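What follows is a short report on a single structure.
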Amino acid sequence: VQLQASGGGLVQAGGSLRLSCAASGRTFSDYAMGWFRQAPGKEREFVAGISRSSGRTYVADSVKGRFTVSRDNAKNTVYLQMDNLKPEDTANYYCAAAYRPGFVPLNYEYWGQGTQVTVSS
């Protein structure tokens, strides 16, 4: 499956962004989806995940209450709504697809290119 992430940008602290990740090539609903981020000099970290049917969602403690993951299987797209952004959220954000949900990059078979999110203070 091919993944294309979009929606990143520059935003002030307290602002919002919505990232999108469009999938193509295979049956989107066969995959759990995840969002990860990576800041310069840091390891890639789990941000949020969602099961195939949207029945289960998972978010990292660092973004709980501020970020929401959702998907629209009819549109082959997964979203990450990010509210009340903080400077520490600045990173390159990646979407990924896996046969089963997971919290580490090794769980995911397919990756999109990153989209940069920069939060100014």
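Values reported hereafter were calculated over all heavy atoms of this structure, with side chains retained and with hydrogens, waters and symmetry mates removed. Being a predicted model, the structure only gives us computed values, none of them experimental.
Note: Gln38 CD to Glu45 CD = 9.5 Å, rounded to the nearest 0.5 Å. Interatomic distance, Asn76 CG to Gln2 CD, rounded to the nearest 0.5 Å: 11.5 Å. The CZ atom of Phe28 lies 4.5 Å from the CE atom of Met33; values are rounded to the nearest 0.5 Å. From Arg71, atom CZ reaches atom SG of Cys21 across 10.0 Å, with rounding to the nearest 0.5 Å. The OH atom of Tyr108 sits 11.5 Å away from atom CG of Leu3, with the distance rounded to the nearest 0.5 Å.
Proximity of a side-chain donor or acceptor of Arg66 to a complementary backbone N or O of Asn84 within less than 3.5 Å is detected. Proximity of a side-chain donor or acceptor of Arg52 to a complementary backbone N or O of Tyr99 within less than 3.5 Å is detected.
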Exercise. Decide side-chain contact (heavy atoms from CB on, under 4.5 Å) for Val117 and Arg37; before the verdict, give the C-alpha distance in whole Å, the side-chain angles of both, and the deciding distance to 0.1 Å.
Key: CA-CA 9 Å; Val117 171; Arg37 67 186 181 186; over 6 Å; no
Exercise. For the pair Phe46 and Tyr58, evaluate ring pair (Phe, Tyr, Trp, His ring centres under 6.0 Å) and give the outcome as yes or no after the intermediate values.
Key: CA-CA 10 Å; Phe46 174 81; Tyr58 315 83; 7.3 Å; no
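Residues Tyr79 and Thr68 are not in side-chain contact: their nearest non-hydrogen atoms beyond the backbone lie 4.5 Å or more apart. The side-chain heavy atoms of Gln12 and Ser120, taken from C-beta on, include a pair separated by under 4.5 Å. Counting heavy atoms from C-beta outward, Asp30 and Val1 have side chains that stay 4.5 Å or more apart. The shortest distance between side-chain heavy atoms of Gln116 and Thr90 falls below 4.5 Å.
Tested against Phe36 for a ring-ring contact (aromatic ring centres under 6.0 Å, His included), the candidates Trp111, Tyr93, Phe103 yield a single pass: Trp111. For the side-chain contact (heavy atoms from CB on, under 4.5 Å) with Leu80, the lone residue among Leu19, Leu17, Ile50 that qualifies is Leu19.
Seen from the ring of Tyr110, Arg26 does not count as a face-on cation partner, given the 6.0 Å and 45° thresholds. Within the cation-pi definition used here (under 6.0 Å to the ring centroid, within 45° of the axis), Arg44 qualifies as a partner of Tyr94.
Between Ser29 and Asn73, the shortest heavy-atom distance links the atoms CB-ND2, 3.6 Å. Shortest non-hydrogen contact noted between Ser121 and Ala13 is CA-CB, 4.3 Å. Closest heavy-atom contact between Gly114 and Asn92: C-OD1, 3.3 Å.
Salt bridge Lys86/Asp89: absent, no basic N to carboxylate O contact under 4.0 Å.
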